[in-house]
2 protein chains.
Amino acid sequence: MEKSTICPRFEKGMQILSKRWTGLIVSQLLTGPQRFCNIESSFPISGRILSERLKYLEQEGIVKREVYPETPVRIEYSLTEKGIALAPVIREIQNWSTDWIEPAQ
Amino acid sequence: MEKSTICPRFEKGMQILSKRWTGLIVSQLLTGPQRFCNIESSFPISGRILSERLKYLEQEGIVKREVYPETPVRIEYSLTEKGIALAPVIREIQNWSTDWIEPAQ
DNA sequence: CCATGTCGTTTACTTTACGTAAGTTAGTAT
DNA sequence: ATACTAACTTACGTAAAGTAAACGACATGG
């Protein structure tokens with residue numbers, strides 16, 4: 001295993017996107033801000049990993065976490081500008097999937 | 001962990017792209033057909049995993065493996081039509097990385 | 001013939017990531 | 001007090017990935 005000959009920014013971007021679930025979480029948040037339990041029920045991710053990923057994406061400046069001290073307290077996750085900028089990536093993955101993945105596995 | 005409420009094709013596409021290294025392998029092969037050792041030296045992937053991923057991508061119909069019985073034997077990996085169709089996805093990830101990832105980590 | 005080298009791949013073993021299930025905390029309702 | 005929900009967190013087992021060494025096919029050189 002040697003060092004890269006490719007662009008480190010691209011490598012880092014890929015690293016984020018190729019972490020399991022991050023793409024789906026971003027695509028889900030592109031439909032609008034929402035709470036933990038809503039994301040959790042959108043695809044078969046475990047709560048433990050969703051929690052871990054949201055924290056990671058927050059660190060990467062892609063996701064924003066906001067606490068609304070209502071009653072009951074509401075915690076809402078949304079995309080930052082950096083996260084919203086991933087929309088074209090998600091769109092292209094959707095296009096490719098529609099064109100090249102067979103509907104029935 | 002529950003079932004998905006999202007498009008299964010998109011979920012499958014995401015699954016492929018969010019497997020570690022697949023995006024980088026595809027982006028490397030977009031620069032042209034090449035052999036194992038060349039891909040291996042493009043980024044810090046281990047030979048064991050590169051071998052595993054190429055087999056996986058071949059199964060998914062994204063990568064094509066061709067053996068040229070020269071001396072020494074040459075094995076060349078290239079993208080299928082399905083693989084080449086990933087170019088816009090890779091391009092958008094590159095754009096996003098250029099715009100949003102800081103050069104020095 | 002036997003040692004040496006290369007390429008792609010495989011095996012054995014360790015480390016890290018992920019999945020499952022149960023527990024925690026804070027607030028609300030019954 | 002008890003029960004319930006949302007959002008985590010902890011503990012633990014399994015699966016995936018990393019490291020290092022070895023393998024088989026072939027070629028070359030002594």
Side-chain angles (χ1 to χ4, degrees), chain A residues 1-6 11-12 14-26 28-29 32-60 62-79, chain B residues 1-6 11-12 14-26 28-29 32-60 62-79:
Chain A
M1 212 155 97
E2 291 170 24
K3 286 188 182 161
S4 272
T5 62
I6 61 165
E11 198 180 349
K12 169 72 176 179
M14 259 311 179
Q15 192 182 100
I16 295 171
L17 270 308
S18 72
K19 230 174 163 57
R20 194 164 189 188
W21 303 115
T22 52
L24 288 176
I25 292 169
V26 169
Q28 185 59 29
L29 287 176
Q34 54 206 280
R35 25 206 325 194
F36 191 92
C37 61
N38 192 44
I39 306 172
E40 196 178 15
S41 59
S42 305
F43 37 80
I45 191 175
S46 67
R48 172 173 139 18
I49 295 296
L50 178 54
S51 180
E52 198 174 292
R53 278 300 176 280
L54 287 169
K55 214 172 285 176
Y56 170 74
L57 289 171
E58 206 186 338
Q59 275 171 15
E60 293 294 340
I62 292 167
V63 160
K64 194 169 42 193
R65 179 183 191 269
E66 279 179 295
V67 181
Y68 296 91
E70 301 169 357
T71 171
V73 67
R74 184 165 53 94
I75 295 170
E76 211 169 68
Y77 294 93
S78 57
L79 295 175
Chain B
M1 214 155 96
E2 291 169 21
K3 287 193 181 156
S4 271
T5 61
I6 62 166
E11 198 179 350
K12 170 73 178 179
M14 261 308 181
Q15 192 183 100
I16 295 171
L17 270 307
S18 73
K19 229 176 164 57
R20 195 166 187 186
W21 304 115
T22 52
L24 288 175
I25 293 169
V26 169
Q28 184 60 27
L29 288 177
Q34 55 205 281
R35 32 204 322 194
F36 190 93
C37 61
N38 192 46
I39 306 172
E40 195 177 16
S41 59
S42 305
F43 37 81
I45 190 174
S46 67
R48 172 172 141 16
I49 296 297
L50 178 54
S51 180
E52 197 173 292
R53 276 301 174 281
L54 287 169
K55 211 172 289 176
Y56 170 74
L57 289 171
E58 206 187 338
Q59 275 171 14
E60 294 292 341
I62 292 168
V63 160
K64 193 168 45 194
R65 180 184 190 268
E66 278 178 296
V67 181
Y68 296 91
E70 298 167 2
T71 172
V73 67
R74 184 165 53 94
I75 295 168
E76 213 169 66
Y77 293 93
S78 57
L79 294 175

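Just so we're on the same page: letters track the sequence lines, and every chain starts at 1.
- Between the CD atom of Glu40(A) and the P atom of dT5(D) there is a distance of 14 Å, rounded to whole Å.
- Atom-to-atom, CD1 of Ile49(A) to C1' of dT16(C) comes out at 12 Å; the value is rounded to the nearest Å.
- For Gln34(A) and Glu76(A), the side-chain atoms include no donor-acceptor pair closer than 3.5 Å.
- Gln15(B) has its CD atom 11 Å from the P atom of dA16(D), to the nearest Å.
- Checking side-chain atoms of Ser51(B) against main-chain N and O of Gly47(B) turns up no donor-acceptor pair under 3.5 Å.
- Rounded to whole angstrom, the span from the CZ atom of Arg65(B) across to the P atom of dC7(C) amounts to 15 Å.
- Whole-Å rounding puts the Phe36(B) CZ to dT9(C) P distance at 6 Å.
- As a whole-Å value, the separation of Asn38(B) CG from dT6(C) P is 17 Å.
- Taking the centre and axis of the six-membered ring of Tyr56(A), the NZ or CZ atom of Lys19(A) falls inside the cone set by 45° and 6.0 Å.
- Note on Tyr68(B): every side-chain N or O is 4.0 Å or more away from OP1 and OP2 of dC26(D).
- Listed here is the closest heavy atom pair of Val73(A) and Arg35(A): O-NH2, 3.7 Å.
- At dT9(D), one or more side-chain N or O atoms of Lys55(A) fall inside 4.0 Å of OP1 or OP2 (strictly under the cut-off).
- Side-chain N/O atoms of Arg53(B) include one lying less than 4.0 angstrom from OP1 or OP2 on dA17(D).
- A sub-4.0 Å separation between OP1 or OP2 of dG18(D) and a side-chain N or O of Trp21(B) is present.
- In this structure, the CZ atom of Arg74(A) is 10 Å from the P atom of dA7(D), given to the nearest Å.
- Taking only side-chain nitrogens and oxygens, Arg20(A) comes nearer than 4.0 Å to OP1 or OP2 of dG19(C).
- Note: CD1 (Ile25(B)) to P (dA17(D)) measures 11 Å, nearest angstrom.
- Ring pair Phe36(B)/Tyr77(B) is tilted by interplanar angle, where 30° to 60° counts as tilted.
- OP1 or OP2 of dT9(D) has at least one side-chain nitrogen or oxygen of Ser51(A) nearer than 4.0 Å.
- Residue Arg35(B) places at least one side-chain N or O closer than 4.0 Å to OP1 or OP2 of dG8(C).
- The listed nucleotides are dT20(C), dG18(D), dT10(C); the one nearest the side chain of Arg48(A) is dT20(C).
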